[in-house]
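Working notes, structure below.
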2 protein chains.
Amino acid sequence: MMKRQYPTLAEVAKVAGVSLMTASRAINNRPGVSPEKREDILRIADEMGYVANRAAQKLTGARTRIIGVVAELHTPFTSDLLLGMGAVARAADYEMLVYSLPVCDRRPPHSIIDMLRQIADGVIVILPYESDYLESMTTAHIPVVTIEQGVESAFPSVTADNYQGGCAALRHLIELGHRRIAFISGNDRLTSARDRRRAYRDVLAQARLPYDPNLEVDGDFLRKSGFEAAQKLLALSDRPTAIFAANDASAYGAIAAIREAGLRVPDDISVIGFDDIPIASQLHPQLTTIRQPLQQMARASVNLLLALIAGLDAPSEQIVLPTQLIVRESTTMLKARKRKEEGEKVSVAR
Amino acid sequence: MMKRQYPTLAEVAKVAGVSLMTASRAINNRPGVSPEKREDILRIADEMGYVANRAAQKLTGARTRIIGVVAELHTPFTSDLLLGMGAVARAADYEMLVYSLPVCDRRPPHSIIDMLRQIADGVIVILPYESDYLESMTTAHIPVVTIEQGVESAFPSVTADNYQGGCAALRHLIELGHRRIAFISGNDRLTSARDRRRAYRDVLAQARLPYDPNLEVDGDFLRKSGFEAAQKLLALSDRPTAIFAANDASAYGAIAAIREAGLRVPDDISVIGFDDIPIASQLHPQLTTIRQPLQQMARASVNLLLALIAGLDAPSEQIVLPTQLIVRESTTMLKARKRKEEGEKVSVAR
DNA sequence: CAGCCGAACGTTAGCGCTAACGTTCTGACG
DNA sequence: CGTCAGAACGTTAGCGCTAACGTTCGGCTG
């Protein structure tokens, strides 16, 4: 069934009246063919609907001009990243194929890289998790670039500066006069979550603000966890005037809880998120947040991979791209009255 | 660079002290090998870290146990569909590779299928758009299944019953006593959008309710368009008591506009969406909507493709899967007073 | 005008695998 | 005890392509 109907290079060559190698050279734009013959061959190949067989190309060790991507499709932004990466790849005359990693798959992606190795010229792994097993595949024998890995990645990697972003978020709140600032964390399995938490604590310390464990509530990046975390925070006798949520989804969860408690955002409590998801600029209130440099990450990762494929032995680079504070409606100056109260409390706390 | 280090079948065979074909048979679980030898070979292959080269397999015309998927990653649900499809494929010992189609790509996916054909055993195309060019590739010489295509698809296809879902949505509103029901459409380039619009008109006619062009506002499935459409509807002298939005995103947009106008959902206006996006059960108000049978679609499409790959010449099937009405908070009975008013108006209109 | 160089081609081998045949050997049966 | 089926293997020929090395031939040099 499904008999072959696509012509092979040999058939094209025969019709063009040249040898197989001449045809190969013409089609791959390599020297050693006279201009007229080259044009002839290309025309005939086109007429015959010739499509180079990438499986055969790969088998001979040549490039397939395909890059493989391993990603968890359900992670926020993954699709944005992929779209960006696809565009960059296509601009370089590469195609991109994505392997959708099942959520929380315990199977080492080793076997997936093994598969992609046979098809693609290089692989980009988008794994928000710090994966020990990734290290076990340094012998992949194919260029690999990771996105969002921990800094200790064994491969060249591209990542957003979560720490810097977290710092910017907290400083923004502090500049607005807030002193009692809560943090709703993300899933600490993720490097990004840990970096944001670290930023919270560090900036707090830098600003000589007291660290109150009650203000640091565990979440998991989901809306619901933000909601529940905020409920806990609101139940405190001495509740925060601002909340830094580790991502936008949990920020919106927190906002929902705050409103349900009869309070207003940002008048009673300021909320800042992280990510700048698309609806952050649409939902009310528009969310103040930290924007991830997705386009730059896409561009950088693909370009880095293409460089590796081209044989440029790029030193095991770690590209860290800056994030950006986007101020919208969900944060505001701490009211003078409140600030005074807070100020007193803080001094007492010291 | 990147010297080969993965063993080939020949190397495994040599170590096992058998011929290449015997090793091939053992590894592919084919008859003609004694049980002891088979076990031996498998053990050795495992020890040596043997990974079958799919490019070589494909070249000989054998199966690669890979299915290709062409999808627009940004279309809502695509990632859910892909996740489901991946799970089904993996259960059948198949891997899945996704080609992310650029949004609004004018380039015929012909070339993409040509590429996937060299890698995969079959292809699933998720295209919400009715694509004329798809027809031009009936000569793909590889099994193809489409999802969400128009019924006139040249390939076996799997689709949600958008028409039936739209009917259910409208009947729900009518049963709640609503008579003046508006429709916010989706992008009519999409088959699904057209089917939902058709359902709106048909059920209106069936219920002998008057059709008012003013109540049918064009949208494009985005939140913003729902917002603007609702504003238009609210500006009508005789505004609707219920709105059927062609998808959840625009339903939430409409709700935002209604609230901004100082009205409440569902007390003043009922709103029903379509899709049952994840946050529909989380955002306030929880949205009454029509759930798409994503898991079933994933399962059906993969199984259909696998059947085609297995050579079962499934008659060019069109599998249409039923949707499900999910009643939540955003719709409610028309108030008795209002119903009376509306009833009068309707009789006058006749 | 011999010699030689390089552009324009052609030929060969092989990438890793499988289908399709050979070959060998065991054992059952008349 | 010959024979013959069939299981258990081995051998050969590609799949479509490219790297590496031949071959041919026009033209330039001394």
Side-chain angles (χ1 to χ4, degrees), chain A residues 1-41 45 48-66 114-115 117-119 121 141-142 311, chain B residues 1-41 45 48-66 114-115 117-119 121 141-142 311:
Chain A
M1 43 158 266
M2 299 293 171
K3 265 316 276 167
R4 199 199 70 215
Q5 189 151 332
Y6 289 79
T8 68
L9 227 206
E11 285 163 10
V12 172
K14 201 155 128 196
V15 172
V18 297
S19 81
L20 202 150
M21 263 326 281
T22 304
S24 171
R25 279 189 269 257
I27 282 169
N28 292 308
N29 202 27
R30 263 189 258 266
V33 191
S34 66
E36 317 88 61
K37 212 153 237 177
R38 180 186 301 272
E39 201 172 322
D40 231 43
I41 295 169
M48 294 177 70
Y50 172 73
V51 180
N53 186 323
R54 307 202 195 215
Q57 288 179 317
K58 191 69 188 173
L59 204 53
T60 66
R63 302 269 135 83
T64 55
R65 302 198 79 82
I66 293 176
D114 280 343
M115 177 181 74
R117 190 179 50 82
Q118 302 167 349
I119 293 166
D121 296 342
H141 295 281
I142 182 177
Chain B
M1 45 156 262
M2 300 291 171
K3 269 310 281 170
R4 198 199 72 216
Q5 188 151 332
Y6 288 80
T8 69
L9 227 205
E11 285 162 11
V12 172
K14 201 154 127 198
V15 172
V18 297
S19 81
L20 201 149
M21 264 325 280
T22 303
S24 170
R25 278 189 271 257
I27 281 168
N28 291 307
N29 201 27
R30 264 190 257 267
V33 192
S34 65
E36 316 87 61
K37 211 153 238 175
R38 179 185 303 272
E39 203 172 319
D40 231 45
I41 295 169
M48 296 178 68
Y50 172 73
V51 180
N53 187 323
R54 306 201 195 217
Q57 289 179 316
K58 191 69 188 174
L59 203 53
T60 66
R63 303 270 134 82
T64 55
R65 301 198 81 80
I66 293 175
D114 279 344
M115 178 182 73
R117 189 179 51 81
Q118 302 167 348
I119 294 167
D121 296 341
H141 296 281
I142 181 176

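Note on naming: letters A, B, ... go to the chains in the order of the sequence lines (proteins, then strands), and numbering restarts at 1 for each one. For clarity, every value in this text was computed on a predicted model and none was experimentally measured.
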What integer distance in Å separates A:Asp121:CG from D:dT18:P? 13 Å

Separation of A:Lys58 atom NZ from C:dC17 atom P, in whole Å? 15 Å

Inter-residue atom distance B:Asn53.CG - A:Gln118.CD, 0.5 Å rounding: 4.5 Å

Please tell me if B:Thr60 has a side-chain N or O lying less than 4.0 Å from either OP1 or OP2 of C:dT18. no

Could you state the atom-to-atom distance from CZ of A:Arg30 to C1' of D:dC21 in whole Å? 16 Å

Decide side-chain contact (heavy atoms from CB on, under 4.5 Å) for A:Asp121 and A:Lys58; before the verdict, give the C-alpha distance in whole Å, the side-chain angles of both, and the deciding distance to 0.1 Å. CA-CA 9 Å; A:Asp121 296 342; A:Lys58 191 69 188 173; 3.5 Å; yes

For B:Thr22 and D:dC9, is the shortest distance between a side-chain N/O and OP1 or OP2 below 4.0 Å? no

Reckon A:Ser19 touches a base, only the sugar-phosphate, or nothing at all at heavy-atom distances under 4.0 Å? base

Separation of C:dA19 P from B:Ile27 CD1 (nearest whole Å): 14 Å

Can you work out whether B:Lys37 or A:Ala56 has the more 5'-proximal nearest nucleotide on DNA chain D? B:Lys37

For B:Met115 and D:dC17, what is the distance between atoms CE and P respectively, to the nearest whole Å? 16 Å

Residue-phosphate contact under 4.0 Å: A:Asn53 side-chain N/O, D:dC15 OP1/OP2: no

Would you indicate, yes or no, if C:dT18 has its OP1 or OP2 atom less than 4.0 angstrom from a side-chain nitrogen or oxygen of B:Gln57? yes

Check the phosphate of D:dT18 against A:Ser24, side-chain N and O only, distance under 4.0 Å to OP1 or OP2. Yes or no? yes

Give the nucleotide from the list D:dG16, D:dA8, C:dG16 with an atom nearest to the side chain of B:Thr8. C:dG16

Using a heavy-atom cut-off of under 4.0 Å over every strand shown, decide if A:Ala55 touches base, sugar-phosphate, or nothing. nothing

Within the structure shown, what part of the strands sits under 4.0 Å from B:Arg38 by heavy-atom distance: base, sugar-phosphate, or nothing? nothing

Is B:Arg25 close enough to C:dA19 that one of its side-chain N or O atoms is under 4.0 Å from OP1 or OP2 there? no

Where each residue is assigned the nucleotide of DNA chain C containing its nearest heavy atom, which of A:Pro31 and B:Leu20 is assigned the position nearer the 5′ end? A:Pro31

What is the separation between atom CG on B:Leu59 and atom P on D:dT18, rounded to the nearest whole Å? 12 Å

Approximate separation, where rounding is to 0.5 Å, of A:Leu9 CG and A:Asn28 CG: 7.5 Å

Can you tell me if B:Glu39 uses its side chain to pair, donor with acceptor, with the backbone of B:Glu36 under 3.5 Å? no

What is the distance, to the nearest angstrom, from the CG atom on B:Asp40 to the C1' atom on D:dC9? 15 Å

Applying side-chain contact (heavy atoms from CB on, under 4.5 Å) to A:Val18 and A:Val33, what does each step give before you reach the verdict? CA-CA 10 Å; A:Val18 297; A:Val33 191; over 6 Å; no

Nearest to the side chain of B:Leu9, which nucleotide is it out of D:dT18, C:dT18, D:dC9? C:dT18

Dump the intermediate steps for side-chain contact (heavy atoms from CB on, under 4.5 Å) on B:Arg25 and B:Arg38, then the final yes or no. CA-CA 8 Å; B:Arg25 278 189 271 257; B:Arg38 179 185 303 272; 5.9 Å; no

Whole angstrom is fine here: how far is it from CG in A:Asn28 over to C1' in D:dG16? 12 Å

Can you figure out which of D:dG16, D:dA20, C:dT18 approaches the side chain of B:Met21 most closely? C:dT18

Between B:Tyr50 and C:dC17, does any side-chain N or O lie under 4.0 Å from OP1 or OP2? yes

